Structures are given as C-alpha cells and as structure tokens.
Trainee: 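One structure coming up, written as structure tokens, with questions to follow.
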Amino acid sequence: MILEVKEAQIRYGNTKALHGASLSLGSGEIVCLLGPNGSGKSTLFKSILGLLPLTKGQVLCNGQNISSWPRTKIAQTIGYIPQSHIPTFQFTAISMVVMGRTAHLRRYATPSAKDIYLAEQAMEKLCISHLKDALYQELSGGQRQLILIARSLAQNPKFLIMDEPTNNLDFGNQVLVLQQIKALAEGGLGVIMASHYPDHAFQYATKVILIKKGKIIGSGTPEHTATETVLNNLYDIPIHIATAYIKDSKNAVKVCVPAAKVPLSSYARMQHGVSYVS
C-alpha cells in the first residue's frame, strides 16, 4: 500500500505555507521529516489528513484521491499522533486507547467487547498492559506517548503520522518510543514522523525528507540525503556528521553535532534570511 502527496500547495490568506510538496510512504517504511520550526511540517501533516484543504495538488492512497473519502475511511487508513495531548477530563489509559475504535463505530454506538479486546491487544503489543487502569493524566510523558500510539494501533490504520513523537521526552523515553515505532514498521505499518533530531533519521528511518520554508529541499535515504552540506543549509548553522562505533560491536551509527558555537547575533540574522558563514 502506498500513500502519496503530489505537488501539495497550501495558502494561509496571501501567504503560501506549502510549495508543491511531494512525497511517498509505503508499507513498512519509516519516513523522517526534518526541518526548522515553522518550516511546514505540521501543515504538511494536516494536509495529508484532510484537515487543511489543498490549494493545489493531491493526496493519494493506492492511486485514489482521498479528498472525496468520508472522514471515517480516512481515519481507518491513517492514524495521527499529535505532539502532545492532555484531555480536559480524567480518563483511564484503557479508555484512551478504546477511543481509537471510534473510526469503526456507527454514530452514537458504544464500544463492544471486541473493541475493548482490540484496545487491550494494542496495549499488550507495546508492553504497557500494566498501565490499563492508570489515569492518563498522571502518567509520564513517555507513557502517555505510548498510550497515544496504542490508541492509533487500535484504530487499525495502514499508515501512521507522528508529529514530533519524542517532543519533551527524556533520553530514555525517546529511545523507548523510537524502538516501538521501528517495531511497528517492521510489522508492516508505514510511518511518517517529524523530528528535530537528524540522529533519529540516521538510526531509525528508511527515508528522510527535508523541508524548509514550505519547500521540500531533499528526499532519499538518510545516508545520501542528510549530508553535512544539506543540513548546514537546512538549519543555517555549521553541522558536523560523525561516526560512532558501538562498544564490543562492529556496528556504527552516524551522529550529528554542531560544528561550532553560533553567536546569538548571528542566529538572529539567520532568522531574517542571512546565512551564517563559518
């Protein structure tokens, strides 16, 4: 199954927020979307979900334009996990996960025993069954993020959109969430996630997409696309890519670090379109 965005364009009034963006996501792929704040990552996701109407372009699933699909069909096909989510009312973790079954229920229907069973299965798959009766609001950030992933799994989508899934998580919870995302992709789910960390692309993604000022400036494998030169241009700071070797192993991973300290005055000029020169 393939999800495609073709020449997507979105305007906010007279401002063009997305300029002819194109991408594809297949089953079992992890696509990592990299870009600075305000570059259009969330706008691109909302256009895929049909929450923002396209000025031009199409979103296709197996060649079908999903703009004519009912919301329930889109929800059955594409799951969405926001940056953060704290509901107004108190819910148990299992109640939050059961909400993912809404896309498969008739209007005004209540979840059946099957829906509850599928929600429990989703939690078991992520090894969080022990949190079933805990209050969602009282869980840690990493646990809440795993609950949201379980909710999307209960939705039984073919694709999963994740807007900065490791946002505000400590290092250990970041790794936990990313490892679960990788396991889901290995099970056949297509995942596209936004991240502020190029390391996530190097270590977990099969494809990386680079977006800046609403334009996609690079797309391909992380090794060939996220080069030092390209990342320098993407973030407007000098960046160095190093190779780290795992102790007692032949495995090596690429890591991305700033190559120099950037004065605040230089960073301010960058934000107004003046590139930093090392």
Side-chain angles (χ1 to χ4, degrees), residues 30-38 41-42 45-46 49 51 75 78-103 111 115-157 159-187 189-205 208 244 246-247 253 255-257:
I30 298 178
V31 175
C32 187
L33 187 64
L34 297 177
N37 291 332
K41 299 186 295 294
S42 296
F45 285 166
K46 289 176 183 177
L49 294 163
L51 301 176
I78 307 172
Y80 173 62
I81 299 175
Q83 291 183 24
S84 61
H85 175 261
I86 299 179
T88 303
F89 303 103
Q90 287 274 20
F91 291 102
T92 61
I94 185 62
S95 296
M96 288 293 298
V97 179
V98 170
M99 290 178 192
R101 297 298 302 162
T102 303
D115 294 315
I116 295 172
Y117 170 76
L118 291 173
E120 290 174 340
Q121 289 292 102
M123 295 186 74
E124 184 177 335
K125 191 170 187 177
L126 296 174
C127 302
I128 53 173
S129 296
H130 61 287
L131 300 176
K132 184 173 70 170
D133 297 320
L135 291 176
Y136 175 80
Q137 289 93 327
E138 295 179 1
L139 297 175
S140 71
Q143 290 171 329
R144 287 201 301 268
Q145 200 68 358
L146 289 172
I147 294 297
L148 293 180
I149 295 174
R151 185 177 68 177
S152 287
L153 289 183
Q155 193 174 323
N156 195 29
F159 303 100
L160 193 56
I161 293 177
M162 311 181 80
D163 197 352
E164 298 181 27
T166 61
N167 187 37
N168 295 325
L169 299 186
D170 62 58
F171 185 74
N173 277 316
Q174 284 188 34
V175 174
L176 176 63
V177 168
L178 289 166
Q179 286 179 339
Q180 293 291 3
I181 292 170
K182 186 175 182 180
L184 294 175
E186 289 172 348
L189 195 65
V191 178
I192 180 168
M193 65 176 189
S195 177
H196 284 303
Y197 304 99
D199 291 357
H200 293 172
F202 290 132
Q203 296 177 37
Y204 297 96
V208 63
I246 310 301
K247 187 177 181 180
V253 295
V255 292
C256 184
V257 294

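Remember, predicted model here, so these are calculated numbers, not experimental data.
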Trainee: Between M162 and V191, is a side-chain contact (heavy atoms from CB on, under 4.5 Å) present by the stated rule, with each step listed?
Mentor: CA-CA 7 Å; M162 311 181 80; V191 178; 3.8 Å; yes
Trainee: Which heavy atom of V208 sits nearest to which heavy atom of A201, and what is that distance?
Mentor: CG2-CB, 4.0 Å
Trainee: Are any non-hydrogen side-chain atoms of K41 and E164 less than 4.5 angstrom apart?
Mentor: yes
Trainee: Distance check, rounded to the nearest 0.5 Å: S152 atom OG versus I78 atom CD1?
Mentor: 11.5 Å
Trainee: Please examine the side chains of L178 and M193, heavy atoms only from C-beta on, and report whether any two atoms are closer than 4.5 Å.
Mentor: yes
Trainee: Do you know which two heavy atoms are closest between Q180 and K125, and how far apart they sit?
Mentor: OE1-O, 4.3 Å
Trainee: Of the non-hydrogen atoms in L34 and P198, which two are nearest, and what is the gap between them?
Mentor: CD1-CA, 3.9 Å
Trainee: Rounded to the nearest 0.5 Å, what separation is found between the OH atom of Y80 and the CG atom of L148?
Mentor: 10.5 Å
Trainee: Report the distance from atom NZ of K46 to atom CD1 of I161, rounding to the nearest 0.5 Å.
Mentor: 12.0 Å
Trainee: With a 4.5 Å cut-off on side-chain heavy atoms, are D133 and T92 touching?
Mentor: no
Trainee: For the side chain of R151 and the backbone of G100, is there at least one donor-acceptor N/O pair under 3.5 Å apart?
Mentor: no
Trainee: Are a donor atom and an acceptor atom from the side chains of H196 and N167 found within less than 3.5 Å of each other?
Mentor: no
Trainee: CD1 of I147 to NZ of K132: how many Å apart, nearest 0.5 Å?
Mentor: 12.0 Å
Trainee: As an exercise, state the distance from CG of L146 to CE of M123, rounded to the nearest 0.5 Å.
Mentor: 9.5 Å
Trainee: Can you see which heavy atom on A150 is nearest to which on L126, and at what distance?
Mentor: N-CD1, 3.5 Å
Trainee: Can you say whether the rings of Y204 and H200 are parallel (under 30°), tilted (30 to 60°) or perpendicular (over 60°)?
Mentor: perpendicular
Trainee: For residues L184 and L153, determine if any side-chain heavy atom of one lies less than 4.5 Å from a side-chain heavy atom of the other.
Mentor: yes
Trainee: Quick one, P82 and D163 - any side-chain contact, counting heavy atoms below 4.5 Å?
Mentor: no
Trainee: Do you know which two heavy atoms are closest between N156 and R101, and how far apart they sit?
Mentor: CB-NH1, 4.4 Å
Trainee: Under a 3.5 Å distance rule, please check whether T166 uses its side chain to pair with a backbone N or O of L169 as donor and acceptor.
Mentor: no
Trainee: Would you give the length of the straight line joining atom CD of Q155 to atom CE of M99, rounded to the nearest 0.5 angstrom?
Mentor: 13.0 Å
Trainee: Can you give me the closest heavy-atom contact between I94 and E120, atom names plus distance?
Mentor: CD1-CG, 3.8 Å
Trainee: Are the side chains of P165 and Q145 in touch, meaning some heavy atoms are under 4.5 Å apart?
Mentor: yes
Trainee: Evaluate the side-chain proximity of I181 to L160: yes if any heavy-atom separation is below 4.5 Å, no if none is.
Mentor: no
